[in-house]
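Basis for what follows: all heavy atoms, side chains included, without hydrogens, waters or symmetry-related copies.
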Amino acid sequence: MISVVYFGTYYFSAHVLESLINSGVFNIKMVITQPDRPVGRKKEVQASPVKLIAQKYNLKIDQPETLKNYSLSEVADLNITCQYGLLIPKSVLETARRGSINVHTSLLPKYRGASPIQSVLINGEKETGVTIMLMDEKMDHGDILRQQKIIIDPQDTYETLNAKLLAIAPELLIISAKDYLANNIMPQVQIHEEATFCKEFTRDDGKIYWEKTAEQIFNLYRGLTPWPGIWTEYNGKRLKLLEVKLADKIIELGKITAQQNQLFAGCGQSTSIEIVTIQLEGKKPMSAKEFINGFKNIL
RNA sequence: CGCGGGGUAGAGCAACCAGGCAGCUCGUCGGGCCCAUAACCCGAAGGUUCUCGGUUCAAAUCCGAGCCCCGCAA
């Protein structure tokens, strides 16, 4: 058994952790995840997805606010990190006998940073993948152990692409870890000059600029749905577009108009999108047809 | 006590500010028209107006309390 300390926080990471546990190859000595955070309108404190999995398997858990000056109580063969979300200092990375490896959901050195899955969609990339890499002090900067490429479907959204990456990541991680520990793998230095970076998104990033083309707006939708979602202003209120498609109507730029039971919006360069599902501020999500029924007078 | 919007027929909305038979667009059901239709015409059913209390001759509407949903913010 390979002993491991696992660092992770979010949904994707939780599934990777569970796959490691179920592989039977790893002994998870400890799980480090972010502290429970208040979330939602009621500010209810919520455990991270990784914590829930760790609890399910009765693993030892620690949730430090920061790893600065942190000293890891468990020494393992390997630290494995995936979507942890906090900086891990060199001293912690080096605590494990063979150091730390990371799962990153892009083809490094492209899309280093917090939001590779969203960013490749927003930029209309045709392919992405999963990279297993050694960690060093700089973010997503270490040598590459293995990389697997996948094709992005033009209809892929964050959710479907996330699922595709999740389908290949655990196995790639497991064989990479085994080969690395057996010295059957030659780590490859990244071509640092080709590195690109992506930032964490906020709700403001979902604001639609209608002068962009339909394809650009559609890509924004693909990357930012379901969170933070894309939105525009309508009669002074925020209007979320929960589901959109590319269309081929000619519509005045920025104007939302009803044709039969469908809603269309005009984008830049005489392109347009169809709005399938919509949510007005203070209201529940509704279909284009429902929206048209109630708001016919003011459209 | 973080800010704000909302709860009216199966759905989405109007009427509320200025109290007086609860209306519109759909959907559903029945009938008609048509080669045909998600189109068009005629008709029908379907409401304790979120709950509890108060004011009033009279409350969806005004006042008080509560429950629930949602957009921000975090």
Using both distances under 3.5 Å as the test, list the Watson-Crick or G-U wobble partner of [N], or none.
N      : value
C62(B) : G54(B)
G43(B) : C29(B)
A9(B)  : none

Does anything in residues 242-251 of chain A come within less than 4.0 Å of RNA chain B? Heavy atoms only, and list the residues if so. none
Keeping to residues at least two apart or across chains, list the side chain to side chain donor-acceptor pair (under 3.5 Å) pairs with something in residues 260-273 of chain A. Q262(A)-E274(A)
L134(A) versus Y180(A): any side-chain heavy-atom pair under 4.5 Å? yes
Which word best sums up how the rings of Y84(A) and F7(A) line up, parallel for under 30°, tilted for 30 to 60°, or perpendicular for over 60°? perpendicular
Determine whether the side chains of K51(A) and Q63(A) contain a donor N or O and an acceptor N or O closer than 3.5 Å. yes
Does R203(A) place a side-chain N or O at less than 4.0 Å from the phosphate oxygens OP1/OP2 of A73(B)? yes
Could you check whether K29(A) pairs with E74(A) (Lys NZ or Arg NE/NH1/NH2 to Asp/Glu carboxylate O, under 4.0 Å)? yes
Nucleotide N/O to protein N/O under 3.5 Å, stretch nucleotides 7-11 of chain B:
residue, atom, partner, partner atom, Å
A11(B), O2', E290(A), OE2, 2.6

C1'-based separation of C40(B) from C3(B) [nearest Å]: 49 Å
Determine the contact category for Q279(A): base if any of its heavy atoms lies under 4.0 Å from a base atom, sugar-phosphate if only primed atoms, P, OP1 or OP2 are that close, otherwise nothing. sugar-phosphate
